[in-house]
Amino acid sequence: MAQYAILIFERESAGGGAPDLPAEVMAAHEQLPQRIVEHGGREIGGLALEPSGTATSIRGDLVTDGPFIETKEALAGVFVIEARDLDHAIELARMTPIVDGGVEVRPLLGIDFSGLS
Amino acid sequence: MLAATVRVTRDIDTAEEVVQDAYVQALTSWARDGVPDRPAAWLTTVARRNALNVLRRQRTLQAKLPLLLDPAVDGDDAGSTAAEADAATIPDDRLRLIFTCCHPALSEEARVALTLRLVCGVATPDVAHAFLVSEPTMAARITRAKKKIATARIRYAVPAPAELPARLEAVLTVIHLLYATGHTARSGADLVREELTDRALELARMLHRLLPAEREAAGLLALLLAHHARRATRTDDDGRLLRLEEQDRSAWDGELIAEADRLIVGALTAGPPGRFTLQAAIAALHAQAPSYAATDWPQIRTLYDALLRVWPSPVVALNRAVAVSMVDGPAAALAEVEALERDARLAGYRYLPATKADLLQRLGRHAEAADAYRAALELTGNAAEQEFLRAQLP
């Protein structure tokens, strides 16, 4: 099995804060690891990020307010899965609950992330 | 053969090297012992054995241990007879390779380039030539795409039935683009690059043979056949471009047109038609018409209406305007073309001013027509098209 990071991008509210997730989306997030197992994969670990307004970026000596890259959809979380191949990873990534945005699938270098969660 | 070898190596670069080695071995072995009964099977067997050897070497290096044989792999090698190699070269393997090259995770230009290089066996300099880019640029593009296949682990397989419609779309589009690239070369002296159109037709035939139930695969094959049937008449003896109305219809290939028609009828009766089937039906109506004037223009316009619904594209709308001009006259069509001039997606599309020029000419507005022909002339790099447009100028 190969490892992939699923990067979740969501549109944030105008003030830079994350909108409160609807109850069904929260429930879907909680059920996701189980669903991934049912589809032949495994979730190894995950991180949910505070809104991009809380981010601080450092480039060389320069420290600035905000995320490193300003986009309409902000990086809201990351989780790592095991999948057979890219098609399988895409199938699993599609199950991610999304309000207004999307996900990016990236293969990981062969490093063991099993200690992450 | 490459496809069969990729199945062993799971790595396209290694497979390519291994296949080349097999050819080198053939040169010495066949010169010594004569050409075997089934050269393709011989080459595939040797390529697979080479691939297994490479895999074994890699494994040995990784483990830093003396030759570590996987019994399953070894057994497979020992049993690889010519008959087994024949089974491995069935076109199903090529189909896997096409779907791998046309995976939606790859950019569209990478898909076409990879298909040309790996499925059609076109050399990298020729692929570069077809795309009007330098050889190093194309080599880098192909390398990046192969790297993504390996790193992201794009599966070497025909997708499951549920995924097939979306994936098949990419494959059909690539084959169509291959044909279009060869059909009217964007620049250069010749209008047609036959090696590309022939490859595309061959692929479309294979895809239809392997997926006979897929109506759009039949539609694409019919579309290419209907175009191919007219290929001899698109230019005159001096290489000058001939319009549809000027072409010698008696020189069109009736067998290909009949074959296209059979495919279209089959695809149309099986369910709601997709874009390739509709395009094929339009091309076939043109091909079957006794003359340009006697073409079934109302039917063509109806087909364009249906095509616009399943595939809303400003290029389709422009082509529809030509049918409108034949049904309702050039003035009605000109209004539609002028509306399309406001569509930013058609800015720089040479057939827009060319179509407009033709309509203005038919309306007797010759000065405006000349301006439009000049505008079209500025947008084409193909010598045959340039000459045609220049000949229209007063």
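Because the structure is predicted, anything quoted here is derived from the model rather than measured. Per chain, numbering begins at 1; letters A, B, ... match sequence-line order.
Within the 4.5 Å cutoff, the side chain of B/R167 has heavy atoms near those of the A/D87 side chain.
When all heavy atoms of B/T151 and A/P107 are compared, the closest pair comes out as O-CB, 3.5 Å. The heavy-atom pair separating B/R155 from A/H88 by the smallest distance is NH2-N, 4.1 Å.
Note on A/D85 versus B/R153: no salt bridge recorded, every NZ/NE/NH1/NH2 to OD/OE distance being 4.0 Å or above.
Not counting sequence neighbours, the partners of B/H176 by the side-chain contact (heavy atoms from CB on, under 4.5 Å) test are B/L220, B/L223, B/L224, B/R275, B/F276, B/Q279. For B/T100, the side-chain contact (heavy atoms from CB on, under 4.5 Å) partners are B/I149, B/I154, B/Y156, not counting sequence neighbours.
For A/R106, no part sits under 4.5 Å from any heavy atom of chain B, backbone or side chain.
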